[in-house]
Amino acid sequence: MQQRQLGRNGPLVSALGLGCMGMSEFYGPSDEAASIATIHHALDRGVNLLDSADMYGAGHNEELVGRAIRGRREQVVLATKFGNMRGPNREFLGVNGRPEYVREACDASLRRLGVEHIDLYYQHRVDPQVPIEDTVGAMAELVRAGKVRWLGLSEAAPATVRRAHAVHPISALQTEYSLWTRDPEGELLDTVRELGIAFVAYSPLGRGFLTGNIRRLEDLDAGDWRRHNPRFQGEAFAANVRLADTVQAMARERGCTAAQLALAWLLAQGPDIVPIPGTRSSARLDENLGALALSLDAADLARLDRELPAGAAQGTRYPEAAMRAVNR
């Protein structure tokens with residue numbers, strides 16, 4: 001398994017990680033046994049970066065991941081997140097970055113995961129009501145206490161990343177990045193590279209859109225969160241299908257799948273980028289890992305840049321309220 005380092009002093013992780021969110025929520029019904037089998041298959045294949053969060057399934061995802069890694073803890077670089085609060089009925093209660101909450105959230109995650117420490121602990125969303133210095137200061141206390149090994153941020157703006165990194169080294173910034181979400185290019189990527197912070201790319205397949213398997217809204221389960229995503233609505237949906245068709249046509253020429261082409265493009269953006277495609281299927285996991293054997297030359301990369309330039313995707317990547325919580 002190819003490996004990449006998270007930050008200047010962080011752990012070595014597999015070049016592709018595994019996003020576990022969809023095993024618990026958001027993308028329609030899931031099968032726990034199949035999900036755990038997929039995690040085991042990932043570990044067998046050398047994938048060691050598992051990504052969870054306390055909000056996924058309102059704690060269910062951490063419990064599932066904890067069961068899956070029982071007896072195999074030494075094989076895992078375990079990442080989870082705090083900050084998005086959920087209520088007893090899984091309702092969203094807002095973002096919380098208060099120091100006392102950081103400590104409470106970490107202890108709760110450790111219990112659900114059934115582990116003594118978290119390898120990579122992210123602030124899931126930045127709390128605009130709490131100075132980032134206070135939040136990261138509390139996260140640094142967790143490192144000193146041995147509960148956490150490395151720190152990360154998710155969806156933080158360049159200036160916030162700088163302020164956080166001045167308090168305690170940040171090993172990874174996790175933000176959406178793919179052929180249809182190229183927003184990080186420019187100041188954000190420049191900032192993390194200057195500071196020696198790795199970039200963990202979530203939704204590297206455009207929430208499944210870039211696979212070419214989503215042709216109609218009806219292809220998604222009735223309870224699938226993507227049905228409410230602006231990029232899956234109306235004219236934006238039709239325009240984005242055309243982008244996915246472009247990726248699929250080029251993939252056929254290269255003798256690979258659209259998912260493999262999209263992941264290979266992201267891997268080629270720099271050795272500091274670690275995509276974490278999510279899947280509940282061992283077969284899909286194997287397909288994704290095939291991207292590691294796909295080498296794109298300068299002509300391939302230039303063509304993709306021309307046909308899917310920054311801003312090509314139609315619609316915002318989250319509904320309006322959720323967009324207010326990113327890049328701050």
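Applying the salt bridge (charged side-chain N to carboxylate O under 4.0 Å, His left out) test to D54 and every residue at least two apart in sequence or in another chain returns nothing. Legend: residues meeting salt bridge (charged side-chain N to carboxylate O under 4.0 Å, His left out) with D134, ordered by chain and number and at least two apart, are absent. Qualifying salt bridge (charged side-chain N to carboxylate O under 4.0 Å, His left out) partners for D127, counting only residues two or more places apart in sequence or in other chains: none. With sequence neighbours left out, the salt bridge (charged side-chain N to carboxylate O under 4.0 Å, His left out) criterion links E187 to no other residue.
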Derivation of the side chain to side chain donor-acceptor pair (under 3.5 Å) call for T181 and D183
CA-CA 6 Å; T181 300; D183 307 17; 5.4 Å; no
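At least one test fails for R226 against the ring of F26: distance under 6.0 Å to the centre or angle within 45° of the axis.
Donor-acceptor pairing under 3.5 Å is recorded for the side chains of E62 and T80. Defined by atom type and a distance below 3.5 Å, a donor-acceptor pair is present between the side-chain atoms of Y202 and E155. No side-chain N or O of Q5 forms a donor-acceptor pair with one of D272 less than 3.5 Å apart.
Sorted by first and then second residue, the ring pair (Phe, Tyr, Trp, His ring centres under 6.0 Å) pairs with a member in residues 63-114 read F82-Y121; sequence neighbours excluded. Within the structure, every pair that satisfies the salt bridge (Lys or Arg N to Asp or Glu O under 4.0 Å) test and touches residues 274-287, not counting sequence neighbours, is listed here: R45-D286, R284-E287. Contacts classified as ring pair (Phe, Tyr, Trp, His ring centres under 6.0 Å) and involving residues 32-81 (residues at least two apart or in different chains) are given here: Y56-H124. Each salt bridge (Lys or Arg N to Asp or Glu O under 4.0 Å) pair with one or both residues in residues 164-175, not counting sequence neighbours, would appear here, but there are none. Pairs of residues two or more places apart, or lying in two chains, never qualify as ring pair (Phe, Tyr, Trp, His ring centres under 6.0 Å) while including a residue from residues 285-306. The list of salt bridge (Lys or Arg N to Asp or Glu O under 4.0 Å) pairs with a residue in residues 170-179, not counting sequence neighbours, reads E176-R207, E176-R317. The list of side chain to side chain donor-acceptor pair (under 3.5 Å) pairs with a residue in residues 161-171, not counting sequence neighbours, reads E133-R163, R162-E194. Here ring pair (Phe, Tyr, Trp, His ring centres under 6.0 Å) pairs that include residues 250-276, with residues two or more places apart or in two chains, are Y177-W265.
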